[in-house]
Amino acid sequence: MSNIKTITAITRSIDPAIASQELRQQLSDPNIAFVLFYCSSVYSLERLASSMASAFNGLDLVGCTTAGEITPNGYEQHSIIAIGFSDSHFAISAQIVESMENFTLIDAQETINKLTENCYVKKLTSIKNNSFLLTLLDGLSADEEQFLVTLNSASGGIPHFGGSAGDDIHLATTHVFYQGSFYQNAAIVLMVNTTCAFEVFSCNHIKYPTSKVVVTAADADSRTVFELNAEPAALEYARLLNVTVEELSPYLFALYPLAVKVGGQYYIRSIQKVNEADLSLTFYCAVDVGIVLSTVVMDDIFASLTSELTRMTFQYGEPELVLTCDCFLRRLEIEQREQLEQAKVLQKRYNIRGFNTYGEHIDGTHLNQTFTGVFIARGNE
């Protein structure tokens, strides 16, 4: 049995053909059977799809566009990171759902059944207790919540995490990639069956809530809040922050988020943008009339994450890979606070790889401004 479990490849070439070849060369080990990649939206996606399909002919290949890549060298942009998984330690199956909007419970059951069957026939290890799900969703579809709830109801308790695709904060189009083509309004569901010990986890860095506001007018379908406390939403939010509407930006959204209390816990509802025409706010996550949002004071962004990674390393041993879906607003906060070097040290220490997302998924729930992922232990060499 090969000792190689995963290999990470990275390219910063913007030419799709060269980038694809560079990745393929780095992932040339014959034991690699499945490749997961995350790419900047700066690429010509049509050319990249063709080049990647050609370079990785014969291998299962899935991926998505990002709001930043997390590589062995820390946070990056305008690059592609690819992770190859060896068939001696991983049996991975992927299914595409071409319409998230029309995804039913029957579709969810069929998807899980197909994934289970495809992993089972590889005869690596038992499915139960040795598998997790990874979802990659179109990050601008506004269908994530319903899709994740439906999928979760059919998952049989299999641990699940994932991320919503980004587009380098252009907020125009986000894509997922499946076997040769990029898709919009689509989802990819992966089942990862592995002999490695692992744990799916999620953490945020909310310290405590401060002021409360009530959503008094909203459109849930488009995640747009028109009024907070019966005032134009952007105006009221700016007042809470003691800034002007003109000063509102993704950087301020990252540093001063709003959160909702669910079951005793606070979860961030990240703001996507200000709509200048009516001073409404569009969010990345579900919002509706009547919910109470709180401004929150944020803790040290690395505290809870370092604590979790330390705990898991103690429990499972050194990480082979921490595959992450890390909200792009966390990266913006780290940039604002000039903590990129600190982030890089942590990412290197724990073999953190992944991408900056427009939303994270954990066990059927859609979240914002979290670090969500899977810790995969190295185990015996």
Side-chain angles (χ1 to χ4, degrees), residues 16 34-53 56 59-67 69 80 82-83 92-115 118 132-155 160-168 170-192 221-223 272 284-286 323 325 328 354-362 364-367 372:
F34 191 98
V35 175
L36 173 65
F37 76 91
Y38 302 120
C39 67
S40 165
S41 63
V42 75
Y43 290 88
S44 159
L45 295 185
E46 199 173 319
R47 285 183 60 213
L48 184 63
S50 168
S51 299
M52 289 291 278
F56 289 93
L59 288 181
D60 284 331
L61 181 69
V62 303
C64 70
T65 56
T66 76
E69 302 77 57
I80 307 174
I83 299 128
I92 304 178
S93 174
Q95 293 286 321
I96 188 163
V97 176
E98 291 193 39
S99 171
M100 284 166 60
E101 188 181 0
N102 300 314
F103 189 66
T104 66
L105 182 55
I106 291 170
D107 296 330
Q109 287 166 338
E110 285 179 354
T111 299
I112 297 293
N113 290 345
K114 279 183 192 169
L115 292 170
N118 290 344
F132 61 87
L133 299 174
L134 167 62
T135 42
L136 301 174
L137 311 183
D138 179 334
L140 294 174
S141 68
D143 293 316
E144 292 107 318
E145 279 85 7
Q146 189 54 51
F147 176 86
L148 291 169
V149 166
T150 305
L151 179 70
N152 193 58
S153 63
S155 68
H160 161 222
F161 82 101
S164 301
D167 67 345
D168 294 300
H170 296 306
L171 305 178
T173 56
T174 57
H175 296 77
V176 295
F177 178 95
Y178 179 81
Q179 309 294 38
S181 300
F182 281 99
Y183 295 82
Q184 285 181 264
N185 301 312
I188 298 169
V189 186
L190 290 81
M191 180 177 283
V192 179
D221 290 342
S222 65
R223 299 173 177 164
Q272 185 185 105
Y284 281 105
C285 223
L323 189 62
C325 300
F328 85 97
F355 75 111
N356 293 124
T357 69
Y358 281 176
E360 305 79 59
H361 325 140
I362 185 84
T365 303
H366 184 219
L367 302 171
T372 296

I'd like to know if the side chain of [X] and the backbone of [Y] have a donor-acceptor N/O pair within less than 3.5 Å.
{"X": "Asn113", "Y": "Gln109", "result": "yes"}
{"X": "Ser50", "Y": "Arg47", "result": "no"}
{"X": "Asp107", "Y": "Thr104", "result": "yes"}
{"X": "Thr65", "Y": "Gly166", "result": "yes"}

Please name the pair of heavy atoms, one in [X] and one in [Y], separated by the smallest distance, quoted to 0.1 Å.
{"X": "Cys39", "Y": "Leu48", "answer": "SG-CD2, 3.8 Å"}
{"X": "Met100", "Y": "Ala186", "answer": "SD-O, 3.3 Å"}
{"X": "Ser155", "Y": "Leu133", "answer": "CB-CD1, 3.9 Å"}
{"X": "Val176", "Y": "Asp138", "answer": "CG1-N, 4.0 Å"}
{"X": "Ser181", "Y": "Ala49", "answer": "CA-CB, 4.4 Å"}
{"X": "Ala53", "Y": "Leu61", "answer": "N-CD2, 4.4 Å"}

I'd like to check [X] versus [Y] (side-chain heavy atoms, cut-off strictly below 4.5 Å). Are they in contact?
{"X": "Val189", "Y": "Phe147", "result": "yes"}
{"X": "Glu98", "Y": "Ile96", "result": "yes"}
{"X": "Ser141", "Y": "Glu101", "result": "no"}
{"X": "Cys285", "Y": "Glu144", "result": "no"}
{"X": "Leu140", "Y": "Gln272", "result": "yes"}
{"X": "Asp168", "Y": "Phe328", "result": "no"}

Rounded to the nearest 0.5 Å, how far apart are [atom1] of [X] and [atom2] of [Y]?
{"X": "Glu360", "Y": "Leu137", "atom1": "CD", "atom2": "CG", "answer": "11.5 Å"}
{"X": "Thr174", "Y": "Tyr183", "atom1": "OG1", "atom2": "OH", "answer": "15.5 Å"}
{"X": "Leu36", "Y": "Asp60", "atom1": "CG", "atom2": "CG", "answer": "11.5 Å"}
{"X": "Leu45", "Y": "His175", "atom1": "CG", "atom2": "NE2", "answer": "5.5 Å"}
{"X": "Asp143", "Y": "Asn102", "atom1": "CG", "atom2": "CG", "answer": "8.5 Å"}
{"X": "Tyr178", "Y": "Leu190", "atom1": "OH", "atom2": "CG", "answer": "9.0 Å"}

Would Phe34 and Val62 count as a side-chain contact (heavy atoms from CB on, under 4.5 Å) here? Give the steps. CA-CA 8 Å; Phe34 191 98; Val62 303; 3.7 Å; yes

Would Phe161 and Leu134 count as a side-chain contact (heavy atoms from CB on, under 4.5 Å) if you check the C-alpha gap in whole Å, the side-chain angles of each, and the deciding distance to 0.1 Å? CA-CA 5 Å; Phe161 82 101; Leu134 167 62; 3.7 Å; yes

Students often mix this up, so state it plainly: with edges at 30° and 60°, are the rings of His361 and His160 parallel, tilted or perpendicular?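 The rings of His361 and His160 sit tilted, inter-plane angle from 30° to 60°.
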
Angle class for the Phe182/Phe177 ring planes (parallel below 30°, perpendicular above 60°, tilted otherwise)?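 Rings of Phe182 and Phe177: perpendicular, as their planes differ by over 60°.
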
Give a yes or no on whether Gln179 atom CD has more than 12 heavy-atom contacts from other residues, nucleotides or ligands under 6.0 Å away.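 Yes, the 6.0 Å shell around CD holds more than 12 heavy atoms from other groups.
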
In this structure, are over 12 heavy atoms from other groups packed under 6.0 Å from Gln184 atom CD? yes

Using the side-chain contact (heavy atoms from CB on, under 4.5 Å) rule, take Asn118 and Gln95 through it: C-alpha gap first, then chi angles, then the decisive distance, then the call. CA-CA 10 Å; Asn118 290 344; Gln95 293 286 321; 3.6 Å; yes

Assess whether side chain to side chain donor-acceptor pair (under 3.5 Å) is satisfied between Asp167 and Tyr358, documenting all intermediate values. CA-CA 9 Å; Asp167 67 345; Tyr358 281 176; 2.4 Å; yes

